[in-house]
2 protein chains.
Amino acid sequence: MRNNATLKKISDHLNVSISTVSRALKDHPDVSPDTKKRVKELAMLMDYEPNAFAVNLRKKHSNVFAIIVPEISNFFYHSFVQAVEEDARRIGYSVMILQSMNDPEVEEQNLRLCRHNHVAGIFVSITNRTTDIAPFKKLEAIDIPLVFFDKVPTDDTFNKVSIADYESGWMAAEHLLTAPAKHVLLVMGNNKLSITRRREEGFTDYYHKHQCKKKLAVVYADHIEEARQAVLDYFAANKNTPTAIFSMSDEIMCGVLKAIHTLNLQIPKDIQLLTISNGFLPTLFTPDISFVKTSGYDLGKLSFVRMQEIMGGKKFVRENFLTSSYYPGGSM
Amino acid sequence: MRNNATLKKISDHLNVSISTVSRALKDHPDVSPDTKKRVKELAMLMDYEPNAFAVNLRKKHSNVFAIIVPEISNFFYHSFVQAVEEDARRIGYSVMILQSMNDPEVEEQNLRLCRHNHVAGIFVSITNRTTDIAPFKKLEAIDIPLVFFDKVPTDDTFNKVSIADYESGWMAAEHLLTAPAKHVLLVMGNNKLSITRRREEGFTDYYHKHQCKKKLAVVYADHIEEARQAVLDYFAANKNTPTAIFSMSDEIMCGVLKAIHTLNLQIPKDIQLLTISNGFLPTLFTPDISFVKTSGYDLGKLSFVRMQEIMGGKKFVRENFLTSSYYPGGSM
DNA sequence: AACATTTCCACAAACGTTTGCAGTCATCGC
DNA sequence: GCGATGACTGCAAACGTTTGTGGAAATGTT
């Protein structure tokens, strides 16, 4: 028993033309109040719903936004998604979430899906290993607006919205370097990403500018397990060294904590820890982990504003930054 | 500069008909090897991509699956999504993720989106407060296959795939009741959900069957903060009472842990804790939280099998269950 | 009464694809 | 040399919608 209510069927029942039905349903001034009423009633009765395929074919674009992220298992993205969904809903659009599994190939498949479905716009946080920007260029060629957020490519012909990474690294240093430990370990993500480089730069610039005498080490990790291993390796080489650790993300922090637990070290006695986070995970531990807050929600709101600007025709490329602030916990 | 490669344009360039181009591109035996070659080459050159709207309009359905979950911030769902994505990709389908934000109204909006886009199939884990199943019935009326997973409605005209909840509750009791504490606290989710009722039933059945003498209390919570408050309330009424706590999910566990941290209680000395989990979160803490494992990944695989059966025409309704197993940590 | 305007509606083209059907050749068997 | 077969290819309808255009009444203006 298929749902077959269509403009044609309604028009047949009412002895009016298809176009009249179409216009009646969208309150076009050309149709009389009386027919409007009749059409709407019958449409309601027949449970009419416009066929999105036909509408989109005609209009050449759909009204759903896509969000492409490396992995949805990231608290930062949850609030981002929520913010975008709120705003999208407000203007009658929907949001579909696609994850690239940190695989450029999957990412490209997702982009293809977006192209085929002529999505209204795409918010994308790129993969650690994304190097080919051609698929993104392709999107712009067919006028699908693109906003990069959080993990953005270095290419600067794109619209990007990101955390003020340099500043948050700087802020992290500002607080972490007050910790007693004489050693400092930076556990960073993939060092090809601008997000990583800028956070590290912010941190080390503060470090050098204040002529900090602590011994500084930096390690890079692509995911939890690598972060854990990196920290284990560090402590294998620096046994019993009180160290202040800077973790640049939730994911990294999880790895760091696993290592710390493995080594049975105490926070904040043996180790001081400060991370950059959206704020959820750090509060789950004892003591709370101190963090520099980066709001995925705010980033989502900002990204959406950019998206609407682009959709509205503002074509100039821009990069926006979002400031962050410090939330002291008990890990320092 | 729009990407306009279309069958018509290709046909114009090659002086053949649209239909020939269409058939050539899909290796229809009716068209000669020579024209096939020419068409394919030009199509490649022009970067032709079929217009999904037109294809779908013609075929009356798209090739994307939808997954609707209350919230994506749930580790259990991540692996579920991953499993489904893997299998979908394998048969050339895509997956879109929609979250209902635990709001039945948003859930219905998402269902509407699925209907309008004539999605190939829907995997849905319902909201805590979903009572109206009419929108789901509507989906079936237009032949969109539906598989409920994890949080499933009680109505048994639907296809459902879920954790063997009773069994996992039973298993949890089996292990938790060996803990030294004389008091047992069950922190459960929304008690209208069958998942909650069955897990609780499994637990209490074991409890009664073994004539357990420990003092049993049960509280319900809809989200993290409620869980935290419930535990705080419990300990306000039972000061310094060594208690073994059963948490029925990751989310609940987070709330429980927050309360435990607030009260400065020690695990496993003062409190023993056992949760049901997908396995990620429990390992982030020290000591590791013991858990009964429910595999989202396996559930995803199973759900997909069901989905394909339904799509293949097997119409009979069934409910599948997935067994779980115990992973000891250091929290007991 | 003649003409202009408004109100309401229908026609038809277009969006890009798929597919049943029919048509045009050339080749083959006899 | 005639019908039959087979290999290609094109025509046209259909999917359901939107929208520019034009036309027939009804109303208004002088």
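Being a predicted model, the structure only gives us computed values, none of them experimental. Within every chain, numbering begins at 1; the chains are lettered A, B, ... in the order of the sequence lines, protein sequences first and strands thereafter.
If you check every strand for non-hydrogen atoms under 4.0 Å, B:Thr6 touches sugar and phosphate atoms only.
The main-chain N or O of A:Val16 is never found under 3.5 Å from a side-chain atom of A:Thr20 such that the two would form a donor-acceptor pair. Of the possible donor and acceptor atoms, one in the side chain of B:Asn110 sits under 3.5 Å from a partner among the backbone N and O of B:Gln99. Put simply, the side chain of A:Asn117 never gets that close to the backbone of A:Val119: no donor and acceptor are under 3.5 Å apart. At least one donor-acceptor pair under 3.5 Å links the side chain of A:Asn278 to the backbone N or O of A:Gly296.
The CG atom of B:Asn56 sits 13 Å away from the P atom of D:dG16 (whole-angstrom rounding). When rounded to the nearest whole Å, the span between NZ of B:Lys8 and C1' of D:dA12 equals 14 Å. One atom, NE2 of B:His116, and another, P of D:dG16, lie 14 Å apart when rounded to the nearest Å. Between the CG atom of A:Asn63 and the P atom of D:dT17 there is a distance of 15 Å, rounded to whole Å. Atom CZ in B:Phe53 sits about 11 Å away from atom P in C:dG16, given to the nearest Å. One interatomic measurement links the two molecules: CG of B:Asp34 to C1' of D:dA7, which rounds to 13 Å at whole-angstrom precision. Here D:dG10 presents its P atom at 14 Å from NE2 of B:His28, a figure rounded to the nearest Å. Between the CG atom of B:Leu14 and the C1' atom of D:dT9 there is a distance of 13 Å, rounded to whole Å.
No side-chain donor-acceptor contact under 3.5 Å links B:Asp34 and B:Ser32.
With sequence neighbours left out, the side-chain contact (heavy atoms from CB on, under 4.5 Å) criterion links A:Lys8 to A:Thr6, A:Asp12, A:Ile18.
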For this session: Treat primed atoms plus P, OP1 and OP2 as sugar-phosphate and everything else as base, then score nucleotides 5-15 of chain C 5' to 3': B for base contact with protein heavy atoms under 4.0 Å, S for sugar-phosphate contact only, - for none.
Result: ---BBBBBBBB
